[in-house]
Amino acid sequence: MLREGGDDGDEVPQIDAYELLEAVEILSKLPKDFYDKIEAKKWQERKEALEAVEVLVKNPKLEAGDYADLVKALKKVVGKDTNVMLVALAAKCLTGLAVGLRKKFGQYAGHVVPTILEKFKEKKPQVVQALQEAIDAIFLTTTLQNISEDVLAVMDNKNPTIKQQTSLFIARSFRHCTASTLPKSLLKPFCAALLKHINDSAPEVRDAAFEALGTALKVVGEKAVNPFLVDVDKLKLDKIKECSEKVELVNGKKAGLAAEKKEFKPVPGRTAVSGAAGDKDTKDISAPKPGPLKKAPATKAGGPPKKGKPTAPGGTGSAGTKNKKGLETKEIVESELSIEVCEEKASAVLPATCIQLLDSSNWKERLACMEEFQKAVELMDRTEMPCQALVRMLAKKPGWKETNFQVMQMKLHIVALIAQKGNFSKTSAQIVLDGLVDKIGDVKCGNNAKEAMTAIAEACMLPWTAEQVMSMAFSQKNPKNQSETLNWLSNAIKEFGFSGLNVKAFISNVKTALAATNPAVRTSAITLLGVMYLYVGPSLRMFFEDEKPALLSQIDAEFEKMQGQSPPAPTRGISKHTTSGTDEGEEGDEPDDGGNDVVDLLPRTEISDKITSELVSKISDKNWKIRKEGLDEVAGIINEAKFIQPNIGELPTALKGRLNDSNKILVQQTLNILQQLAVAMGPNIKQHVKNLGIPIITVLGDSKNNVRAAALATVNAWAEQTGMKEWLEGEDLSEELKKENPFLRQELLGWLAEKLPTLRSTPTDLILCVPHLYSCLEDRNGDVRKKAQDALPFFMMHLGYEKMAKATGKLKPTSKDQVLAMLEKAKANMPAKPAAPAKATSKPVGGSAPAKFQASSAPVEDSVSSTVEPKPDLKKAKTVGVSSKAKSAQGKKVPSKTSLKEDEDKSGPIFIVVPNGKEQRMKDEKGLKVLKWNFTTPRDEYIEQLKTQMSSCVAKWLQDELFHSDFQHHNKALAVMVDHLESEKEGVIGCLDLILKWLTLRFFDTNTSVLMKALEYLKLLFTLLSEEEYHLTENEASSFIPYLILKVGEPKDVIRKDVRAILNRMCLVYPASKMFPFIMEGTKSKNSKQRAECLEELGCLVESYGMNVCQPTPGKALKEIAIHIGDRDNAVRNAALNTIVTVYNVHGDQVFKLIGTLSEKDMSMLEERIKRSAKRPSAAPVKQVDEKPQRTQSINSNANMLRKGPVEDISSKLNQARNMSGHPEAAQMVRREFQLDLDEIENDNGTVRCEMPELVQHKLDDIFEPVLIPEPKIRAVSPHFDDMHSNTASTINFIISQVASGDINTSIQALTQVIGVIPIK
C-alpha cells in the first residue's frame, strides 16, 4: 500500500498539464484604450477595463512578455482604488496572471506583495478572499527568500487585520516549504516577528501567529525552531505545538509527521533526514551560500565583518553570535515567571513594608517605599538579585501609570540599577521596556527613562533593545515619545557602536518617522540618519532616493554636517565584552563599530534565482530588441536589490558576450549594468575581475569615443571596489597591451598612469607589461607614444630602473638606445612611492588613504610631498575591512582621523597636471575629433565629453561631485576649488579650459546658490590669472565668454553686478578688442536686460581703451550700437545713447560720421543727450592703450608707487567708467596722480596713518660738472630748397629718396622736413 502510494508520488510530478498547454499571447489583445480607461474617473469605465483583463487572464497558460505596465496598473487599483469591488476584481486579474505565467511572474512579485498585504485592512470577506488568492498565487511564482523583506516590513503595521492576514499568509507559505528551502537564516527573522505577535492585544493576531509558528515547527522540526522560542513561556509553547499537530503540509501529511515522529520508512524516511536530522546539513549547506567565501560558518562567526550575515533580513538579534566566546555565554536566558512566584522571590529580598506600600494610595508612602526599594537593590549581590521578580513588583499597580513624578523618577532609576547590578535577561527587559518608552517623552521623567533604557541595552545588547524600543515607540501615537526614542537611539549608537545593528530594519523605522506629520519626529529621524551615516557612509542615501526633494535636501544637509567626522569609539556594551574575551585571537582585534567593513552591515540580496536560464537566453538572443529587453531586466533586478551577494549565476558569461555586441548601444548599456554591478556587489566584485573585468578593458579599444569613455568609467568603478591587485596579477593585462590597437593602448596606458602612482606596491606580474610598453614607445600612433612616455615613470616607480633597463635587452640596437634614453629621462622625473600608512591611535582600522599622485614634473611633486607623506595607504585600510564603498568625506582639519577610501583621493591635489594635456584637447577640437563647445543648451553628449576629458586631470572624488545630480554637491565642489585655488595654481591653469567649460554648464542651472558660488569662484580665478600674467587662449575664450554674457541679463542685480565684475577682470587676461565682438553679439539677445548691460559694457570698454577696441571697425561697431537707440525698451535706449555719448566725449563730432544715417527721432534723442551731458570734447583723445597683454605693466609700476594696493590701473578705469556710465557728465578725465583712492578710503579701519611714497634718489653730484652742449644733428633746410623743388611732387620725391637713405641721420633729417613740405590741417 505504502509502496503504491510512493510510486504515485513519484509519477505525479512528472506529468504537468501546464507544460502540455499552448501559451496564449494576451498583451496585444488588451483594449487599445485600456490604460486610459483604468485611470478614468468613472468607476464603471475602470470596471470595464478590468473585466476585459479578467477574461484574457482566464487562459491557463500565458505567453511570456513585458507585463510590467499591466501589473503596475493592476497594483495601482488594488492599492489606491476606493471602490472595493474593483479592488477584488484587480486582485483576481493578478491571480490569473500569476497562475498563467508561473515563474515568469516572479520578477513582478516584489512590487505587488507589499501592496496586497497592506490592503488586507479591508474587512469585506469577498475582498479579503480575492487578496488571499492573489497573494497565494503570486507566492508560487517566487520564493519566500525573495519577498521576505517586504513581508517582514508589513509585520510592524499597527492595523491588527493586516498583522493577522500577514501571519496567515506566512503560515500558508511555510506549508509549501521544506527544511532545505526554509533555512535558519530565513526562519530567524520570521520567528522574531511572529513572537511579537503572540503577545499582541488582539486575539486574532495571536492565533494567526501561533498558526504560523506551528507550521514552521512542523516543516523544520523542533530542533531548528527551539533556539528561537527560548523566551516563550510554557503555555504559549504548548499552543504552538498544538497548532503544529493540526497543520497539513502541501507535500503531504506524512512529511510533517516524519520530521518529528519518524513513523514511516520508505518515502517519509527521506523527509525525516531533511526535517530533523537534516538540520545539521541545512546549517552547513545554507549558511555559506549567501557569503562570498566558501568557508565554514564557524570560522567566521567571531569577527564583525561577516560576509554571510547581512543576508538574514531581520538579523537584529545577531549580537549573540557576534563574538561566540565573549558574548554568547553571557546572554542570560530566563523563562517568564508567574506573579505569585515573583512576589515570593521579591519578599525574600525586600522589606515587608516595602511590598505592602507599593500600591498605597498615599504618594508619600509610595515614595518612601521606593527609597527602601532602592537601598535594598543597592545592597544586593548580583547572584542573589531576582531581577524579573523585582521589575514585576515595580510594574505592579499603579506600575507605569504612576501619577507622582518623584515616585516615577525613583522607579525608573531603580530599573536602571537592577539592569546594571543584576543578571538582567530579555524576559525582564520586556516587562519594563513598554513603560520606559511610554515615559521617555515625559519632561520630568524622560532622562530617567533614557538612563534605564541605556542600562538595559548594556545588559541585553543594543541591537535587541533598539529593535524592541523602536517597534514599541512606533506602535503608539505619541509623537513626543517617538522623537525622544529616536534621539536616545542616536546617542546610544555613538556610545555602543554600530556592531550587530540591523540596518534594513532601522531604515524601515526611519522611513516611517520621516513620513510623520510631527516635525519633531522628522527632525529626530534625520539626526539618527546623520549618526548612521558616520558608520554606513554614502551608501545610506541610496535607501532614501525616493523621498520628496525637500526632505531629501534636509537629509543631504545632515550628511554634509557629518562629512569629515569619524565615528566615536564605543564606550559601552560590546567594547567591554570584546575586551573581556581575550581568547578571540585575531578577530578580537577587529573593531566592532565604525571600523567594520560597513558595507557588510547592509543587507545583501541573493539575486541568483532571478538570473534564470530564460533571462540568460534573452540576453544572448539573435534579435537585438530581445537582447535589450534582457539587459533592461538585469538592470531592473540590480536596481531593485540595491546591494547584492556575489553569486550571480550565469550572468557574467551572458554580459561578457554583450561586450562584443555589434550594436554599440547595447555595449554601452552592458557597461552601465557592470557599473551598477560594481556598486551593488561592493568589494566582492573582485572575484569577477578575471572573467568579466578584463573583457571590459578590451572594450577600451573600441573605435567610438563614447563607448571607450563608458568602458573607462566602468573600469574605474570596478577598480574603486577591488583595488588594483587583481587587475595587475597574471598575464591578462599584458595580453591586452600586446594587442596592436591604438585606442586600446592609449586608453589602457592612460589608465595605468593614473592608477599606478596611488599604489604602494604592485604584483611582480607588472614586469610582463614592460616589453609591450616599450613597443608602445615606438608605436606609429603619436597618441600611443605620448601615453607610453607619460606612463614610463610610474612603471619605473614600482619596478626600478635596473629591471626596466634589463628588459631592453631583447630590443633591436636602435630601439634599445632610444628606449634607454627615455628611461634616463623618466628616471629624473620618477616620483616617490606613496608613504606607508601611519598607525591610528584611536582605532585599529587606520587613517585615511594615500594622496593621489599629481602626474607632473619634479617641482610640483615637491610642493605636494608634504601632503603625501603622512597619509596611510589604501591597501592597509583594506586589510582591516574598510570598504571602498563606505566613504566619509574628509574635512580639511582632520586629515589623519578618517578611515574610509574616499579620503585617499581627498588628501591629494584636486587638479593633476598632464603635460601638454590642454594643447592636445585644443588640437582634438580643431581637428573635429571631439565636439566643439558650442550649443544653445548643453546636451548629454557635451556633458559626457567633458566628464571624459576631466577624468584624466581631475581627482576622481571631485569629478563625482562636479557631475553629481544634486546641486549641493556642486556647491561643495566649488568650495573645494576655491580652497585649492592658491595652492594649485599650475593645476588650475593646466585644466583651465575644462574648468571654464564646467562653469558654463552651471550657467544653465536654475539654482541661484550654485550660480552665485560659480561667479564668486570666477572672480577669484581671473584675479589669480592676472597676477600670474596668464593670457587666455582663443579656445578658452570662445567656449566661455558667450555663456558668461548670457548671465549679464539675469533679473537679479547681484548676479549682473558679479558678471560685470568678471568681464572687467577678464580684460586683464584677454585683449579688450577681442572681448568686444563677444559683447557685441550679446546686444542681439531677445533679453532686454542683457542688451542694456552689454551696451553699457561696450561704452566702458571704449572709454577705457579708446576707439581701437571697436571691432571689426569703429564704423561698423558704432552703426550696430546706434541701431539700439530706437529700441522699444527704455533701458536699452539709454544704454545705447550713453555708449555713443561716451564715444563723442572721446572723439568729438567724428562720431556722427561713424554712426551713419539715423532716423530723425533717434538723431534728436542723441543730440539732446549730448547736450545734457554738458561735456566738451577732449582736446586730446585718450591715449590709445596697446592691445598687447603686457599693456598694463608701465601703468602699474606708477600706480604701485603712488598707492598701497593691488588694483590694476586699467581695472580701476573700467570700474570708474562703469560707475559713471549712467552720468557721462561726471566722467571728467582726471589724471591718475590726483584721483582719490576710494577703495583705500573705504577699507580704512579708522587708524590714521600717513605713508609717504618712496622717493627716487637722484645723484646730484652730476649737476656740478660742466655741461657739454651737443651740436645739432639736424641741418637747416637748404636755401635753394624751394628753387630746386618748386612743386609738391618733386619735393616729395626728393624727401622719399632721403628717407630711403642708408645713413640714419639723413633719413631722420628727411622725415623732419616732411613737416615743412606737407601741409597738415
Side-chain angles (χ1 to χ4, degrees), residues 75-88 90-91 94 109-136 138-139 147-174 189-213 313-314 433-434 437-438 467-479 481-482 485 504-518 521-522 525:
K75 174 192 164 185
K76 190 173 180 182
V77 175
V78 171
K80 296 187 177 178
D81 207 303
T82 52
N83 189 316
V84 289
M85 186 172 72
L86 299 189
V87 172
L94 285 171
H111 300 290
V112 182
V113 166
T115 308
I116 295 176
L117 289 172
E118 285 171 9
K119 200 64 183 176
F120 274 124
K121 63 187 177 187
E122 293 293 341
K123 294 181 181 176
K124 297 208 170 182
Q126 65 267 36
V127 178
V128 172
Q129 186 182 348
L131 293 171
Q132 283 176 343
E133 287 171 4
I135 201 163
D136 288 349
I138 290 165
F139 170 74
I147 59 170
S148 59
E149 290 181 14
D150 298 314
V151 175
L152 287 165
V154 179
M155 294 282 279
D156 291 331
N157 199 294
K158 297 173 187 174
N159 189 307
T161 316
I162 293 176
K163 288 196 277 191
Q164 176 200 9
Q165 290 298 336
T166 306
S167 295
L168 290 173
F169 166 64
I170 292 168
R172 294 195 300 275
S173 303
F174 282 169
F190 277 113
C191 285
L194 290 166
L195 286 173
K196 286 186 202 170
H197 285 195
I198 64 173
N199 295 317
D200 199 273
S201 55
E204 65 273 18
V205 176
R206 292 199 300 272
D207 292 343
F210 282 127
E211 186 178 335
L213 286 167
L433 278 176
D434 206 8
V437 172
D438 203 40
E467 186 186 2
Q468 300 297 318
V469 166
M470 287 288 274
S471 64
M472 288 171 184
F474 285 93
S475 63
Q476 55 177 258
K477 293 180 181 178
N478 188 329
N481 288 348
Q482 290 173 351
T485 301
K504 192 78 174 180
F506 269 29
I507 287 166
S508 173
N509 286 321
V510 171
K511 281 193 170 187
T512 308
L514 289 172
T517 52
N518 188 289
V521 177
R522 293 198 301 273

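The first residue of the sequence shown is numbered 1, and numbering continues consecutively from there.
Around NZ of Lys158, the count of heavy atoms belonging to other residues, nucleotides or ligands within 6.0 Å exceeds 12. The number of heavy atoms from other shown groups lying within 6.0 Å of CG (Asn157) is above 12.
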The test is side-chain contact (heavy atoms from CB on, under 4.5 Å); show your working for Asp207 and Gln164 and say whether it passes. CA-CA 8 Å; Asp207 292 343; Gln164 176 200 9; over 6 Å; no
Begin with the C-alpha distance, continue with both residues' side-chain angles, and end with the deciding distance and a verdict on side-chain contact (heavy atoms from CB on, under 4.5 Å) for Val78 and Val112. CA-CA 9 Å; Val78 171; Val112 182; over 6 Å; no
Apply side-chain contact (heavy atoms from CB on, under 4.5 Å) to the pair Asp156 and Lys196, showing each step before the final yes or no. CA-CA 9 Å; Asp156 291 331; Lys196 286 186 202 170; 3.9 Å; yes
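Residue Gln165 is tested with Gln132, Lys121, Glu118 for a side-chain hydrogen bond (donor to acceptor under 3.5 Å, both in side chains); the sole match is Gln132.
Across Ala88 and Ala130, no two heavy atoms sit closer than the pair O-CB, 3.7 Å. Closest non-hydrogen pair, Arg206 versus Ile198, comes out as CD-O, 3.2 Å. Asp150 and Gly110 make their closest contact through OD2-O, 3.6 Å (heavy atoms, listed as atom of the first residue, atom of the second, distance). The two residues Asn199 and Leu195 come nearest to each other via the heavy atoms ND2-O, 3.4 Å. Here the closest non-hydrogen pair linking Pro160 and Ala202 is CB-CB, 4.1 Å. In terms of heavy atoms, Ala525 sits closest to Ala513 at CB-CB, 3.6 Å.
For the pair Ile116/Ile138, a side-chain contact is recorded, criterion being any heavy-atom separation below 4.5 Å from C-beta on. Looking at Phe190 and Ile170, their side chains come closer than 4.5 Å, going by heavy atoms from C-beta outward. Contact annotation: the side chain of Phe169 approaches that of Phe139 to within less than 4.5 Å [non-hydrogen atoms, C-beta and beyond]. At a threshold of 4.5 Å between non-hydrogen side-chain atoms, the residues Ile135 and Arg172 count as touching. No side-chain heavy atom of Val154 sits less than 4.5 Å from a side-chain heavy atom of Val113. With a 4.5 Å cut-off on side-chain heavy atoms, Glu122 and Thr161 do not count as touching. When side chains are defined from C-beta on, Phe120 does not count as touching Asn159, because their heavy atoms never get closer than 4.5 Å. Side-chain contact check for Lys119 versus Thr115: every heavy-atom pair is 4.5 Å or farther apart.
The distance from atom OG of Ser471 to atom CG of Leu433, rounded to the nearest 0.5 Å, is 9.0 Å. Rounding to the nearest 0.5 Å gives a distance of 9.5 Å between CE of Met470 and CD of Gln482. Put simply, CD1 on Ile162 and OG on Ser167 are 12.0 Å apart, with the number rounded to the nearest 0.5 Å. One finds the NZ atom of Lys163 at 13.5 Å from the CG atom of Leu168 (value rounded to the nearest 0.5 Å).
Side chain of Asn481 to main chain of Asp438: a donor-acceptor pair is present (N/O by atom type, distance under 3.5 Å, no hydrogens or angles).
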